[in-house]
Amino acid sequence: MDIQVQKVGIVSCSGEEIPEGTLCRLACRQALDERPGETVTICLPLFIAGGEEERTFAQNYPTITVDGCDKMCAAKATEMLSGKPSKSLSIPEILKKHGLTPPTKLRHFGPEEDAAVKAVAAEIAQAVDKVLEEA
Amino acid sequence: MGKKYKKVVVLPCSGIGKVYGALARETAYELVEKVRPGLATLTCLPLLVINDPEAVALVTENPVITIDGCPKDCAKKSVEAVGGRVAKAYEAIRFYKEHKDLKPEGIAEVNDTGRQLAQVAAAEIAPEVDKLAAGEEQ
């Protein structure tokens, strides 16, 4: 029996220590808000702090991870503790692709960071479409 | 009096779906950037999830304050999972319960009222940071 995939899981790195982490959170939030019927998220630390339901997240949903730096915490943690992500996105690579400057502050993003947030959110939305097509 | 520390780690919740997660982060940023810069320090919570050696060393060698956004206590449990000891654990909602005139709103980032509440929360946590740094509270 074919099971139609209805939702894609988005896992954000959250990176509290780096501006790209804030960009990651804001872009993931925007993507989630724009695609409410097709996306769902989980707080990354719940892979450790949560229960069985949280740990099987990547088995229950095809998952897109979004990371703010080359340590790739979201991708690694998802694969290590839940299941292999369908796609792994990297903020530095997206910014480079779009010719955008990395953000420099940890909080209170404004118009200066808007283009970066939109570009990352759009890349996440494209990845959601691809994952749904491939499912 | 116990050992003195040059750093006190303030670790907020990573949640991107709830206002109190955003309040926890805003409070941590307020402490690190404005209230106790140079003393209060942050690390990325997901680094603990992947057992990053530098992040693990930071939370096992220094006192840690966690600020969680929901009762699942991800920040606190993540520190404990890598062998760190949480010296003081807060739940962000507590600050709203004590300051009902400052209702935070917003999900990824808090609104202006939430920022005001974060300033109040950071001011309340700051003496704990000082005590832990001085080795007065372990």
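Labels below follow one simple rule: chain letters A, B, ... track the order of the sequence lines, proteins then strands, and each chain is numbered from 1.
- At a 4.5 Å heavy-atom cutoff, B:N51 makes no contact with chain A through either its backbone or its side chain.
- Within the 4.5 angstrom heavy-atom criterion, atoms from both the backbone and the side chain of B:E26 approach chain A.
- Contacts between A:Q30 and chain B at a heavy-atom distance below 4.5 Å are absent for every atom of the residue.
- Here the side chains of B:I50 and A:F47 are not in contact, with every heavy-atom distance at 4.5 Å or above.
- Across all non-hydrogen atoms, the minimal contact from A:C13 to B:P46 is O-CG, 2.6 Å.
- The environment of NZ in A:K105 is crowded: more than 12 heavy-atom neighbours from other residues, nucleotides or ligands sit within 6.0 Å.
- Under a 3.5 Å cut-off, the side chain of B:R25 and the backbone N or O of A:E16 do not form any donor-acceptor pair.
- When each of A:G15, A:A74, A:A49 is checked for heavy-atom pairs under 4.5 Å with chain B, A:A49 comes out on top.
- Residues B:V19 and B:L102 share a hydrophobic cluster, clusters being chains of Ile/Leu/Val/Met/Phe/Trp/Tyr side chains in contact below 4.5 Å.
- Annotation: maximal heavy-atom pairing with chain B below 4.5 Å, among A:L46, A:L44, A:T22, occurs at A:L46.
- In the hydrophobic clustering of ILVMFWY residues, with side-chain heavy atoms under 4.5 Å counting as a link, B:L42 and B:L132 come out apart.
- At least one side-chain heavy atom of B:V49 sits less than 4.5 Å from a side-chain heavy atom of A:L81.
- Counting non-hydrogen atoms of other residues, nucleotides and ligands closer than 6.0 Å to CD of A:E93 gives a total of 12 or fewer.
- A 6.0 Å sphere centred on CD of A:Q59 holds more than 12 heavy atoms belonging to other residues, nucleotides or ligands.
- Residue B:C70 does not touch chain A at all, counting heavy-atom pairs closer than 4.5 Å.
- Atoms CD and OH, from A:E17 and B:Y29 in turn, are 9.5 Å apart once rounded to the nearest 0.5 Å.
- The same ILVMFWY cluster, assembled from side-chain heavy atoms under 4.5 Å apart, contains both A:I42 and A:V40.
- With values rounded to the nearest 0.5 angstrom, B:E54 atom CD is found 5.0 Å from A:K71 atom NZ.
- The number of heavy-atom neighbours closer than 6.0 Å to CD of A:E134, taken from other residues, nucleotides and ligands shown, is above 12.
- B:L48 and B:I67 are members of different hydrophobic clusters when ILVMFWY side chains are connected at heavy-atom separations under 4.5 Å.
- A 4.5 Å side-chain heavy-atom check between A:D33 and B:I107 finds every atom pair outside the cut-off.
- Looking at A:L106, the atoms closer than 4.5 Å to chain B (heavy atoms on both sides) sit in the backbone and in the side chain alike.
- With a 4.5 angstrom heavy-atom cutoff, A:C43 touches chain B only via side-chain atoms.
- Linking ILVMFWY side-chain heavy atoms closer than 4.5 Å, directly or via other members, places A:V11 and A:I18 in two distinct hydrophobic clusters.
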Any chance you could lay out the side-chain contact (heavy atoms from CB on, under 4.5 Å) test for A:L26 and B:I16, step after step, and finish with the verdict? CA-CA 8 Å; A:L26 292 172; B:I16 63 167; over 6 Å; no
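- With contacts defined as side-chain heavy-atom distances shorter than 4.5 Å, the pair A:R25/B:E109 does not qualify.
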